[in-house]
Amino acid sequence: MMGKWEAKLKQIEERASCYERKPLSSVYRPRLSKPEDPSSVWKLFHRQNQAFNFVKSCKENVHVFALECKVGDGQRIYLVTTYAQLWFYYKSRKHLLHCYEVIPENAVCKLYFDLEFNKHANPEADGKKMVVLLIEHVCKALQELYSVSCSAEDVFNLDSSTDEKFSRHLIFQLHDVAFKDNIHVGNFVRKILQPALHLISSEYDNRIPNPVGHEFSHFPETPLKQEISFNQTSPDKDIAKSWTLNSEIPERLESAEQSSPDLSFLVVKSNTGEEHLFVDLGVYTRNRNFRLYKSSKIGKCVALEVAEDNKFFPKQSKNISEENQYFLSSLVSNIRFSDSLRILTCDTSQNKRKRTEHVNSTSSSETIEGFQCSPYPEIDRFVLSLVTKNDTKGGIRRWNYFFPEELLVYDICRYRWCQNIGRAHKSNNIMIVVDLKNEVWYQKCHDPVCKAENFKSDCFPLPAEVSLLFLFKEEEFTADETWNSEAKNPGASSDTDWDNSTDDVYFLQATEDAELAEAAENSLLSYTSAVNEIPDELIIEVLQE
DNA sequence: CAGCGCTACCACACCCC
DNA sequence: GGTGTGGTAGCG
């Protein structure tokens, strides 16, 4: 035991001295080149953190990929480049044979599945049929929980089977729909597969109370989990409770349609004879590595290829080859912005409770605002001025930047005035969308009714000072060393704030989490606690539960 | 010189009947 | 025996 600690300590000391010798020398300082120069980005890192920090400092729309090293022990290095450039070197399949997409935490992503079973242990299992049934079940659940319509033709079906193993990846190509991040995808998948989980573990049967008597509600604000007390000291128990709560919804839906879905086809045996699910539930963790189309694991020579029963065919394009289209479709975190993009969420009630607790404990303090700034403090201030009328002082809950369209989307809190209905919403928040390209702003909102009609307010011009500042941002760019103190104090921002801005602006989805992570970079020890302190309140999309 | 993020599992301590 | 805690091996 002591040896472990000593080894760890030594490791940390070594790293510390390494950082001292080369203090953040990898901070990327782009030249002030013309924007139309398509400068190439191709950079390797030994550490995932460094790769993501580089992405943030990079003005191109780049992504992190993991490459398996020659040594067969699962060691990886991290490549940062654009999708286009990766494909250019990747397509010949002479290099980059064992490549993984890193699905970034907190990034919007597609619904995806990793499916597998051992053929010898399940001689009677018909893999293709199981895929068909699973897709049917998932589509039905998407319809019932989110009113999202899709079918097998929207599911990119990739095969990596061997004689030993049936193995597939499914990547759902939903139209104008994405999940908030892959943690939410995991919550959704576990939720809709609960009937199958019951079949495996009889323990669950004892824990789940009869749902009769609970009212079904589409809204998470409904206090239907009031009876559950918060139990800080027992995380395991908490999880069990959240399962219990989540199980209420599918069971009620089942009873509503007079038939409970038979998910017994999902139960397979492992080579040791234990019962498992056909669906691998272990692929929904932060920064999950997901093998790329046409890549193989390092020890094996079986790559992911389009399955023979795949029914998804990407749109033909003049500029992009069909193979490239398949490649782009296979990328879980490759989400194109569209004006009507819907972000689906699926929280465990455990997380919801945590968030509510946190809001309750901090909402009165000043600290929240400090973390709610985007890299554009001037625009933040303008947006805040828009959501301040009389006594109502709105705030910025979080912001997203969409690279190709140059859109800043602000989620507003404490101010719900909606131009569509001419009054404030009772329980749904609004958004302010800032279009940097066209120098206008408009309002949208999270209310299901407004969403259903795809409401978007008239466009209003951005004030001259905001537009002008944006024009000058390239010139004003300098290296940033003063980020920490500035970011936590947006009110006192000066023009040096633009130094920070260029860091995060081109990130597909930058949240306060990402900012904090960077803020804590100089202090590795404070990283965890800082992230835990992020104030985060109720969910955006409210169609689930 | 150099991966990452979990979860299942174990050993142990404490508590209560 | 039940329950919580801290630490680790090993899986994906």
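So that the names make sense, note that chain A is the first sequence line, chain B the second, and so on, each numbered from 1. Treat the numbers as computed from the prediction; the structure is a model and nothing was measured.
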Of B:dG5, B:dG3, C:dG12, the nucleotide closest to the side chain of A:R76 is B:dG3
**Prompt:** Do the ring planes of A:Y326 and A:Y293 sit parallel (below 30°), tilted (30 to 60°) or perpendicular (above 60°)?
**Reply:** tilted
Rounded to whole Å, the CG-P distance (A:L281 to C:dC11) equals 18 Å
Ranking B:dG5, C:dG12, B:dC4 by distance to the side chain of A:D114, first place goes to C:dG12
From the candidates B:dG5, C:dG12, B:dG3, the one with an atom nearest any side-chain atom of A:N289 is B:dG3
**Item:** Nearest-Å distance once atom C1' is located in both C:dC11 and B:dG3
**Value:** 14 Å
Could you tell me whether A:F179 and A:F188 have their ring centroids closer than 6.0 angstrom? yes
Next item on the list: Please find out if less than 6.0 Å separates the ring center of A:F156 from that of A:F172.
Entry: no
note: A:E68, atom CD; C:dG12, atom P; distance rounded to Å ~ 14 Å
Between A:Y100 and A:F290, is the ring centroid distance below 6.0 Å?
no
Quick note, A:N287 side chain, CB onward, closest among C:dG12, B:dG3, B:dG5 is B:dG5
Here the distance between atom C1' of B:dC6 and atom CG of A:N182, to the nearest Å, is 12 Å
Exercise. At under 4.0 Å between heavy atoms, what does A:Q75 touch on the DNA or RNA strands: base, sugar-phosphate, or nothing?
Worked result: base
Report yes if at least one side-chain N or O of A:Q48 is closer than 4.0 Å to OP1 or OP2 of B:dG5; otherwise report no. yes
- Does A:R288 have a side-chain nitrogen or oxygen under 4.0 Å from the phosphate oxygens OP1 or OP2 of C:dG12? no
Among the nucleotides B:dA2, B:dG5, C:dG12, whichever has the atom closest to the side chain of A:D280 is C:dG12
